[in-house]
Amino acid sequence: MFPERFNAIRGLDPGVLCSLLARSSRMKSDPGSFSTILKGKTVLQFFVENSTRTRLSFESATRRLGGMSLAFSPSSSSLSKGETLADTVNVIRQYGVDGIVVRHRSMGAPDFLADATGLPVINAGDGAHEHPTQALLDAFTLGECWGVDFSKAGAFRNRKIMILGDLRHSRVARSNIHLLTALGAELHLCAPATLGIPDLGLFPRVHVHSFPDEGIPEMDAVMTLRLQTERQNQGVIPSLPEYREFWGLTVERAKRMKTDSVILHPGPVNRGVEIDSEVADSGRSLILKQVENGIFARMAVLASVVGRMDS
Ligand code: CP
């Protein structure tokens with residue numbers, strides 16, 4: 001049986017991850033077969049940090065599985081009057097909630113809520129820790145593009161993927177490092193020295209680059225990350241134009257990629273900073289496909305964690 005919480009990719013068995021990816025694919029090809037998995041169930045969408053894609057896709061996924069969403073708006077809630085996180089959620093539980101999707105600025109908030117409530121919990125992004133459903137939809141999108149079979153081990157063997165940009169503050173990067181290496185990909189990380197991951201020893205082996213140009217021509221995919229200026233101290237990068245020049249996925253840099261290589265970005269995009277508009281909107285960009293596939297990856301996770309669906 002699937003665990004009652006999906007808070008991190010780290011520590012999950014590759015077989016579990018592959019079955020979630022295969023299930024995402026089934027959700028996309030035959031959505032009608034899963035339309036009652038959450039019938040009679042209510043999922044609390046507990047977003048205490050801003051979100052567009054993750055929140056809308058979890059709400060849509062809940063509805064497509066026949067469940068009901070209860071939305072939570074932090075600015076108009078009693079959290080703003082000093083109520084604690086645990087008290088707030090325990091109040092909400094009295095309305096008959098069967099599972100919680102949580103986004104929070106603090107690392108570990110999803111595990112805290114799971115322990116405090118005993119309810120199934122799904123992490124929709126906690127601080128700079130993990131964003132496991134984003135990694136799932138990213139891998140699903142790449143697998144779909146490359147036509148891989150997730151039921152076979154090592155689906156991404158012989159694939160080279162670079163994650164480029166503000167790695168330090170990126171929960172997306174942390175989840176993807178675990179997932180993409182579990183699928184057999186050769187992973188390359190590239191960031192300015194001030195924006196690398198400080199605790200790389202906790203991760204599987206990866207290749208590290210200071211600048212993207214040496215690795216980019218060999219990559220099958222480049223995932224560029226949002227520069228998270230709201231989480232940075234001043235002086236971390238010289239200036240936005242210099243960041244773009246040295247680490248941005250510019251039109252010139254994209255020309256050096258293999259003809260069949262693809263580009264991902266989890267969004268939201270800072271156009272003209274980490275990626276040029278022409279590149280983000282080009283034929284090799286999977287950015288909107290990632291958004292679309294987020295619904296199916298989240299359906300797979302909701303069905304497993306809240307719907308208790310067997311494989
Ligand atoms: N990728 C991502 O988490 O986007 P949102 O912040 O819009 O949910």
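Both counts, for ligands and for their atoms, begin at 1 and track the order of listing. Values reported hereafter were calculated over all heavy atoms of this structure, with side chains retained and with hydrogens, waters and symmetry mates removed. Here the structure is a predicted model, which is why all the values come from computation and not from measurement.
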Check each protein residue for a heavy atom under 4.0 Å from ligand 1 and list those that pass, ordered by chain and number.
S51, T52, R53, T54, R103, H131, Q134, P266, G267
Could you tell me if R226 and H169 have a donor-acceptor pair between their side chains, going purely by distance under 3.5 Å?
no
Going by atom types alone, do E83 and T88 pair a side-chain donor with an acceptor below 3.5 Å?
yes
Please determine whether the number of non-hydrogen atoms from other residues, nucleotides or ligands lying under 6.0 Å from atom CG of D149 exceeds 12.
yes
Name the residue from K258, R157, R284 that meets the salt bridge (Lys or Arg N to Asp or Glu O under 4.0 Å) definition with D220.
K258
Verify whether one side chain among E144 and N293 offers a donor that lies under 3.5 Å from an acceptor in the other.
yes
Please tell me whether Q45 and S69 have a donor and an acceptor in their side chains that are separated by less than 3.5 angstrom.
yes
